[in-house]
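In what follows, every heavy atom counts, from backbone to side chain, and hydrogens, waters and symmetry copies are set aside. Note that the structure is predicted; figures quoted are calculated from it, not measured.
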Amino acid sequence: PWRGLDGKQRSTIINAVIKWIKKRKHNVTFSTIHKEKYNELRSNNDMLNDLQSLWSTAAFHSLITLQKHHQKEKKTKGHTVLIFDHEVKHEKYLSNLVFSPPEWSHEYYEKSNKATPLNQIVDVPFFVDSEKVLLIQLADLIAYILRTHAEFSEGTMPEKYNDEAKKFAGWTDQILERALPVSTRYPSRGRCPVAQLFWDLAPECMRR
C-alpha cells in the first residue's frame, strides 16, 4: 500500500502509528549494528563467531536486553515470548542460542549462580510471516525509522527533500521515549566485555 501514497500521506500514517504506540504504552527495544564494524570485528571476536551471523547477533542482543530488564521479576518463566519475522537461514541457529545460550552472555545481565540462563524467556522462539502478523509490521516500521535516522546521522544517505532528516530524528525521539532504559542496551559506563562489544558495533547516534 505504501507505493501508492505520497510523502504527506505516509507522514500522516507514521505519526498516527507512533501516537498509537505511545497511547498504548507499548515498550520498545532494539539492536543496531554498523555492518562495516561488524565485518571488521568478526574475524577476531569469539563472541561474534559464536553468534554466527549479523542477523543472529542483533536478535540475540535484543533478547538479552529483555532478559536484563525483566530478570528481577518473580515467577515469569513463560511470560516473555519471542516472535520474529521469518529468517529461514538463521531460525534453527537462533533457536539453539535461546535454548542453550553461550556462557559469556550470562555476564551481560549478571546472572546469579542459582538462576538458569535466560530464565525470563520462553525456550522456543516463534517465526512468522510478517504479512500476517501486524505487530511484526509495526516492528518493521520502527526498524525502518531507526535505520534511516542512523543513516542520516552517519552521513551515508542524502536527504530526498528539505528537513527529511529532521523529521526522522523527531520520530526517533518519540520512539526512544517508549524504549526500555538505555542501560539495558548500551550502558554508558561499567560495560562488561559483552556490553562493550554491542556498544562498539552500534552507530554512535543510536547509543543514547
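Taking the six-membered ring wherever Trp is involved, the centroid distance between the rings of H61 and F198 falls below 6.0 Å. Taking the six-membered ring for Trp, F168 and Y144 have ring centres closer than 6.0 Å.
A continuous path of hydrophobic side-chain contacts links V81 to V128 [ILVMFWY only; heavy atoms under 4.5 Å]. No continuous path of hydrophobic side-chain contacts links L134 to I13 [ILVMFWY only; heavy atoms under 4.5 Å]. A continuous path of hydrophobic side-chain contacts links W104 to Y109 [ILVMFWY only; heavy atoms under 4.5 Å]. In terms of hydrophobic clustering, with Ile, Leu, Val, Met, Phe, Trp and Tyr side chains grouped at heavy-atom distances under 4.5 Å, L180 and V182 are assigned to a common cluster.
Nearest approach of P193 to M47, heavy atoms of both residues: O-CE, 3.8 Å. Closest approach of Q9 to G4, counting heavy atoms only: OE1-O, 4.2 Å. Across S56 and H90, no two heavy atoms sit closer than the pair OG-CB, 3.8 Å. Closest of all the heavy-atom pairs between F152 and A165 is CD1-CA, 3.6 Å. Of all heavy-atom pairs spanning T29 and L66, the tightest one is CG2-CD2, 4.0 Å.
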(request) Begin with the C-alpha distance, continue with both residues' side-chain angles, and end with the deciding distance and a verdict on salt bridge (Lys or Arg N to Asp or Glu O under 4.0 Å) for D173 and R208. (result) CA-CA 10 Å; D173 287 342; R208 60 191 175 95; 3.1 Å; yes

(message) Between I18 and I142, does the side chain to side chain contact (heavy atoms under 4.5 Å, CB included) criterion hold? Intermediate values first, please.
(response) CA-CA 9 Å; I18 292 177; I142 291 170; over 6 Å; no

(request) Check the pair T65, S62 against side-chain hydrogen bond (donor to acceptor under 3.5 Å, both in side chains), reporting the backbone distance first and the verdict last. (result) CA-CA 5 Å; T65 67; S62 294; 5.4 Å; no

(request) Check the pair K167 / Y161 against side chain to side chain contact (heavy atoms under 4.5 Å, CB included), numbers first and verdict last. (result) CA-CA 11 Å; K167 180 182 289 186; Y161 54 85; 3.6 Å; yes

(request) Show the numbers, then the answer: is there a side chain to side chain contact (heavy atoms under 4.5 Å, CB included) between H149 and L146? (result) CA-CA 5 Å; H149 169 64; L146 298 180; 5.7 Å; no

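Between the side chain of N49 and the main chain of N45, a donor-acceptor pair closer than 3.5 Å is present. With hydrogens and angles disregarded, no donor-acceptor distance shorter than 3.5 Å links the side chain of Y108 to the backbone of A195. In this structure a side-chain-to-backbone donor-acceptor pair under 3.5 Å is missing from T116 to N119. D163 contributes no side-chain N or O that, together with a main-chain N or O of K166, makes up a donor-acceptor pair within less than 3.5 Å. When atom types are taken as modelled, the side chain of E164 and the backbone of E159 share no donor-acceptor pair closer than 3.5 angstrom. Not one N or O on the side chain of E151 forms a donor-acceptor pair closer than 3.5 Å with the backbone of M157. With hydrogens and angles disregarded, no donor-acceptor distance shorter than 3.5 Å links the side chain of K22 to the backbone of V17. The backbone N or O of I145 lies less than 3.5 Å from no partner atom in the side chain of T148, so there is not a single donor-acceptor pair. For S95 (side chain) and E91 (main-chain N/O), a donor-acceptor pair under 3.5 Å exists by modelled atom type. For the pair K111 (side chain) and A115 (backbone), a donor-acceptor distance under 3.5 Å is present.
The shortest side-chain heavy-atom distance between F127 and P125 falls under the 4.5 Å cut-off. Put simply, the side chain of L82 reaches to within 4.5 Å of the side chain of F84, judged on heavy atoms. Looking at heavy atoms from C-beta onward, F60 lies out of side-chain contact with S31 at the 4.5 angstrom threshold. In this structure, the side chains of W20 and L138 come closer than 4.5 Å at one or more pairs of heavy atoms. Looking at I121 and I64, their side chains never come closer than 4.5 Å, going by heavy atoms from C-beta outward. Counting only heavy atoms from C-beta outward, the side chains of L118 and T80 never approach each other to under 4.5 Å.
In this structure, a donor-acceptor pair under 3.5 Å is absent between the side chains of Q174 and N15.
In this structure, NZ in K132 is found 12.0 Å from CD in Q137, a value given to the nearest 0.5 Å. The distance from atom CD of E110 to atom NZ of K72, rounded to the nearest 0.5 Å, is 8.0 Å. One finds the OH atom of Y38 at 15.0 Å from the NE2 atom of H34 (value rounded to the nearest 0.5 Å). Note that CG of L63 and CG of L94 are 6.5 Å apart. Values are rounded to the nearest 0.5 Å. In this structure, the separation between OG on S130 and CG on D85 is 4.0 Å, given to the nearest 0.5 Å. Expressed to the nearest 0.5 Å, how far CE of M206 lies from CD1 of I33 amounts to 12.5 Å.
In the displayed structure, K19 atom NZ is contacted under 6.0 Å by at most 12 heavy atoms of other residues, nucleotides or ligands.
By the side chain to side chain donor-acceptor pair (under 3.5 Å) test, N27 pairs with R178, sequence neighbours left out.
Under the 6.0 Å distance and 45° angle rule, R185 counts as a cation-pi partner of F30.
When the options H69, Q71, H70 are evaluated for a side-chain hydrogen bond (donor to acceptor under 3.5 Å, both in side chains) with E73, the one that passes is H70.
Classification of D200 and R191 as a salt-bridged pair fails, no side-chain N sitting under 4.0 Å from a carboxylate O.
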